[in-house]
2 protein chains.
Amino acid sequence: MESCKNKDYTIDNEQLARFAKAMGHPARITILNYLASMDNCYFGDIYNELPIAKATVSQHLKELKDAGLIQGEIETPKVKYCINSENWEKAQAYFETFFALKTEKTTCCK
Amino acid sequence: MESCKNKDYTIDNEQLARFAKAMGHPARITILNYLASMDNCYFGDIYNELPIAKATVSQHLKELKDAGLIQGEIETPKVKYCINSENWEKAQAYFETFFALKTEKTTCCK
DNA sequence: AATATTGTTCGTAGTTTTGCGAACTACGAA
DNA sequence: TTCGTAGTTCGCAAAACTACGAACAATATT
């Protein structure tokens with residue numbers, strides 16, 4: 001019957017997935033938690049919170065930055081990272097909306 | 001100086017990352033959206049919502065099931081999927097708590 | 001018994017992720 | 001200039017992810 005399956009994913013679903021993917025690693029959750037609750041947010045501090053090599057920390061930070069959840073600023077000789085508030089709130093709204101979809105539903109199976 | 005870096009990730013951070021990772025693909029977000037808003041949730045319906053092969057759909061469903069976000073039930077000859085409400089709420093709470101951490105903070109850089 | 005329906009599983013291919021050490025950049029201090 | 005500090009980038013390896021077609025299982029229909 002070949003039903004019309006040339007659907008693409010919606011922009012919103014892509015964006016939510018992007019945020020979720022960025023959060024999809026314990027190191028990155030730890031980083032975000034740390035940044036969300038601290039004022040001091042230098043690379044070295046973050047590195048000390050994590051059980052991984054600094055090269056790897058740098059990579060995770062890059063991914064979070066690419067996803068828009070954090071931002072960095074050079075403060076020679078250190079690098080200061082922090083939450084990107086604008087996108088943080090955007091992400092929060094995305095997740096909130098997403099989970100709210102379910103609310104009043106009855107379970108459909110089992 | 002070898003600061004003590006044998007920290008592990010916390011269980012909560014691991015769990016949140018697990019949920020986030022499961023949500024980290026547009027196909028899986030689409031599936032969850034669909035299941036969260038429908039009562040009919042057979043494999044075929046889900047398959048028709050997605051621009052990918054059924055083998056791939058099956059794989060994504062398996063990942064969501066492994067992460068605990070959905071559950072399936074055989075209703076010969078079909079398979080009925082739905083949200084796992086208990087874990088859905090757990091995930092919702094995890095994300096809510098996570099994002100709430102930031103609230104009143106001033107931006108720490110830039 | 002042969003067919004059709006509905007999904008799952010297998011095997012495979014290509015891409016991405018994760019992680020590390022080593023090399024590198026940029027700057028300040030000795 | 002040489003050294004130390006603070007991070008990033010490079011190159012590599014192993015593992016995980018994404019996707020597909022083909023084969024398979026389980027049941028219902030002809």
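What you see is a predicted model, and the numbers here were worked out from it, not measured in a lab.
The residue A/Gln59 sits close to a base: some heavy atom pair falls under 4.0 Å.
With both pairing distances under 3.5 Å, C/dA29 is matched to D/dT2 as a Watson-Crick or G-U wobble pair.
With distances taken from any side-chain atom of A/Ala55 to the nucleotides C/dC20, C/dT9, D/dT18, the minimum falls on C/dC20. Closest to the B/Pro77 side chain, of the nucleotides C/dC20, D/dG7, C/dT6, is C/dT6. Residue B/Lys21 places its side chain closer to D/dA16 than to any other of D/dT9, D/dG7, D/dA16.
Atom NZ of B/Lys54 is separated from atom P of D/dC20 by 13 Å (rounded to the nearest Å). As rounded to whole Å, 13 Å separates atom C1' of D/dA19 from atom OH of B/Tyr47. Atom CG in B/Leu61 sits about 16 Å away from atom P in C/dT6, given to the nearest Å. Taking atom NE2 of A/His25 as the reference point, atom C1' of D/dA16 lies 11 Å away to the nearest angstrom. One interatomic measurement links the two molecules: NZ of A/Lys80 to C1' of D/dG7, which rounds to 16 Å at whole-angstrom precision. In this structure, the CD atom of B/Glu49 is 14 Å from the P atom of C/dG7, given to the nearest Å. When rounded to the nearest whole Å, the span between CD1 of B/Ile74 and C1' of D/dA28 equals 15 Å. Residue A/Tyr42 contributes atom OH, which lies 9 Å from atom P of D/dG7 at whole-angstrom precision.
In this structure, B/Tyr9 and A/His25 have perpendicular ring planes: the angle between them is above 60°, well past the 30° mark. The aromatic rings of B/Trp88 and A/Phe98 are tilted relative to each other, their planes meeting at an angle between 30° and 60°.
Atom CD of A/Glu86 sits in a sparse spot, with 12 or fewer heavy atoms from other residues, nucleotides or ligands closer than 6.0 Å.
The phosphate of D/dT27 has neither OP1 nor OP2 within less than 4.0 Å of any side-chain N or O from B/Thr76. For C/dT8, one of the phosphate oxygens OP1 or OP2 lies less than 4.0 angstrom from a side-chain nitrogen or oxygen of B/Tyr81. Phosphate contact (OP1/OP2 of C/dG7, side-chain N/O of B/Lys62, threshold under 4.0 Å): absent. In this structure, B/His60 does not reach the D/dC17 phosphate: none of its side-chain N or O atoms is under 4.0 Å from OP1 or OP2. Using a 4.0 Å cut-off, some side-chain N or O of A/Thr56 falls inside it from OP1 or OP2 of C/dC20.
Cation-pi geometry between A/Lys54 and A/Tyr47 is not met: the NZ or CZ atom fails to fall both under 6.0 Å from the ring centre and inside 45° of the normal.
Comparing B/Glu63 and A/Phe43 along DNA chain D, the residue whose closest nucleotide (by nearest heavy atom) sits nearer the 5' end is A/Phe43. A residue-by-residue look at B/Gly24 and A/Lys78 shows that A/Lys78 has its nearest nucleotide of DNA chain D further toward the 5' end. In terms of position on DNA chain C, the residue among B/Gly44 and A/Ala27 whose nearest nucleotide sits closer to the 5' end is B/Gly44.
Note on B/Lys80 versus B/Glu75: salt bridge recorded, some NZ/NE/NH1/NH2 to OD/OE distance being below 4.0 Å.
The backbone N or O of B/Asn33 sits less than 3.5 Å from a side-chain atom of B/Ser37, completing a donor-acceptor pair.
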